[in-house]
Amino acid sequence: MNNKNKTIFLNKKSSFTFDEKVDVILSPELYWVRIFNIPLKNKNDVLKALPTYFEDFFDVEGYEFYVIKLEDEQYLCFAYLESLISQIANDANLKLSQILNIHFSQNEFLDFKSFKIDNQYLAYHDDILLRIPKNLTNENDISNIDMDSIKLSKHTFSINKTNKYIDTKSIYLLSFIFILISFINFGKVTILSNTINETTNNQTKIAKEYKMLPTMMQTKSVIKSLEKKQTLQVNLRDKLKNSFQSNRNIQRVSYRNREITYE
């Protein structure tokens, strides 16, 4: 594809002083690349299988993978660390928000057999682009690269622009904290449940001992009935008191249908 944006070459010693958005070509030192014969047709299946192929060369924990099909069951495979690329970009004063697309240099310099860029000497060996020591190069065979003339391929990838990469160890730590909090909460719930059961048992024991009614509704009903009787008895007492204080000659007192009669 035609490149309309500024293109830069990113390596471990890069340093930039601009603020514009750019396309980035990664130095071979920032990724792994291999050609594998994999008996699979679907690229998604190949991606899932790649960790088992790369783990013979390095610890694949935390790596992301990219694959390009070369021919049937033959693939050009890449492995890279987002955290490493983010760190190198940061060290080079390159903000992640400035990065438009990221390319592997493996795919971008196919027109050159060996070349020099940013004081790095690179050459293709068995179709794989490698960084080589200066003393193993012949200056007459080395091409100087004009980055503005490079036509970038369609093979790109992007990384987390928030720069908050969480590795597996962090996930394990967060999982442990979550499990610990769950155990603490479970313990609190268990203690609370036991306390509630103990309180309920004590209430039942006290109710039986003092022959209390089993429900609050029944208790309130009894209290209401007793209060009503108390009111009647107080009224009766007051009436009797008034009658005896009236100096009447009373021989007999009768109480029927809530009425007092005197003889």
Side-chain angles (χ1 to χ4, degrees), residues 1-34 43-44 47 50 54 58 60 62-70 75-125 127-134 137 139 141-168 170:
M1 64 182 185
N2 293 327
N3 178 32
K4 296 181 181 180
N5 306 298
K6 182 180 179 66
T7 302
I8 62 171
F9 183 77
L10 181 65
N11 60 72
K12 292 182 177 180
K13 294 184 179 180
S14 294
S15 179
F16 307 106
T17 58
F18 53 81
D19 295 324
E20 60 189 291
K21 292 185 179 295
V22 294
D23 287 313
V24 174
I25 299 178
L26 294 181
S27 166
E29 64 187 348
L30 300 182
Y31 62 86
W32 289 81
V33 59
R34 291 288 187 277
K43 287 177 62 174
N44 289 332
L47 278 173
L50 279 186
F54 273 113
F58 58 90
V60 299
Y63 275 81
E64 301 291 335
F65 301 93
Y66 190 93
V67 62
I68 299 173
K69 185 174 183 179
L70 299 178
Y75 299 91
L76 181 63
C77 306
F78 299 86
Y80 60 94
L81 282 172
E82 281 196 1
S83 56
L84 174 62
I85 297 172
S86 297
Q87 184 60 54
I88 297 299
N90 182 70
D91 293 344
N93 195 36
L94 179 66
K95 298 177 182 177
L96 297 183
S97 59
Q98 292 179 251
I99 299 176
L100 296 171
N101 298 292
I102 302 178
H103 301 255
F104 300 107
S105 54
Q106 168 71 30
N107 306 314
E108 310 309 324
F109 302 106
L110 297 176
D111 294 334
F112 306 92
K113 183 177 180 181
S114 58
F115 56 93
K116 176 184 176 182
I117 182 171
D118 287 356
N119 293 320
Q120 287 192 357
Y121 291 84
L122 306 171
Y124 283 95
H125 178 71
D127 296 326
I128 298 296
L129 183 64
L130 305 173
R131 181 180 176 183
I132 57 178
K134 180 180 179 179
T137 64
E139 289 289 345
D141 296 330
I142 299 297
S143 300
N144 288 312
I145 300 296
D146 177 12
M147 295 298 294
D148 293 331
S149 67
I150 297 297
K151 292 184 179 180
L152 298 175
S153 71
K154 65 180 180 179
H155 302 296
T156 69
F157 69 96
S158 61
I159 60 176
N160 186 355
K161 296 296 180 67
T162 60
N163 201 20
K164 293 181 180 178
Y165 188 80
I166 301 178
D167 57 22
T168 304
S170 298

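For clarity, every value in this text was computed on a predicted model and none was experimentally measured.
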Residues, nucleotides or ligands: over 12 heavy atoms within 6.0 Å of D146 CG: yes

Check against ring pair (Phe, Tyr, Trp, His ring centres under 6.0 Å), F109 and F115: CA-CA 9 Å; F109 302 106; F115 56 93; 4.7 Å; yes

Stepwise side-chain contact (heavy atoms from CB on, under 4.5 Å) check, Y124 with L110: CA-CA 8 Å; Y124 283 95; L110 297 176; 3.4 Å; yes

Minimal non-hydrogen separation, D23 against N101, with atom names: OD1-ND2, 3.2 Å

Shortest non-hydrogen contact from E82 toward S158: OE2-O, 4.0 Å

Non-hydrogen side-chain atoms of F16 and L10 separated by less than 4.5 Å: yes

Flag side-chain contact, heavy atom, 4.5 Å: I159 against S86: yes

Non-hydrogen atoms of S153 and E108 that approach each other most closely: OG-OE2, 2.6 Å

Check: W32 ring centre within less than 6.0 Å of F58 ring centre: yes

Nearest heavy atoms of M147 and I8, plus distance in Å: CE-C, 3.8 Å

4.5 Å side-chain heavy-atom contact, N5 and K21: no

Minimum side-chain heavy-atom gap I117-I25 below 4.5 Å: no

Note, I145 side chain near F9 side chain (heavy atom, < 4.5 Å): no

Stepwise side-chain contact (heavy atoms from CB on, under 4.5 Å) test for L26 and F78: CA-CA 12 Å; L26 294 181; F78 299 86; over 6 Å; no

Non-hydrogen side-chain atoms of Y80 and F157 separated by less than 4.5 Å: yes

Pairing residues for K69 by the salt bridge (charged side-chain N to carboxylate O under 4.0 Å, His left out) criterion, not counting sequence neighbours: D72

Any donor-acceptor pair under 3.5 Å from Q98 side chain to F18 backbone: yes

Residue pair V22 / L94, side-chain heavy-atom distance below 4.5 Å: yes

Distance flag, aromatic centroids of F104 and Y66, threshold under 6.0 Å: yes

Atom of S114, atom of A123 and distance for their closest heavy-atom approach: CB-CB, 3.7 Å

Crowding at CG, D91 (>12 non-hydrogen neighbours, <6.0 Å): yes

Sequence-distant partners of I128, side-chain contact (heavy atoms from CB on, under 4.5 Å), two or more places apart: V33, I35, L76, Q106, L130

Where C77 and L50 come nearest, the two heavy atoms and their spacing: SG-CD2, 3.4 Å

Backbone N/O of K12 and side chain of E29: donor-acceptor pair under 3.5 Å: yes

Sub-4.5 Å side-chain heavy-atom contact between Y31 and L84: no

Distance, nearest 0.5 Å, that separates NZ of K13 from CD of Q120: 8.5 Å

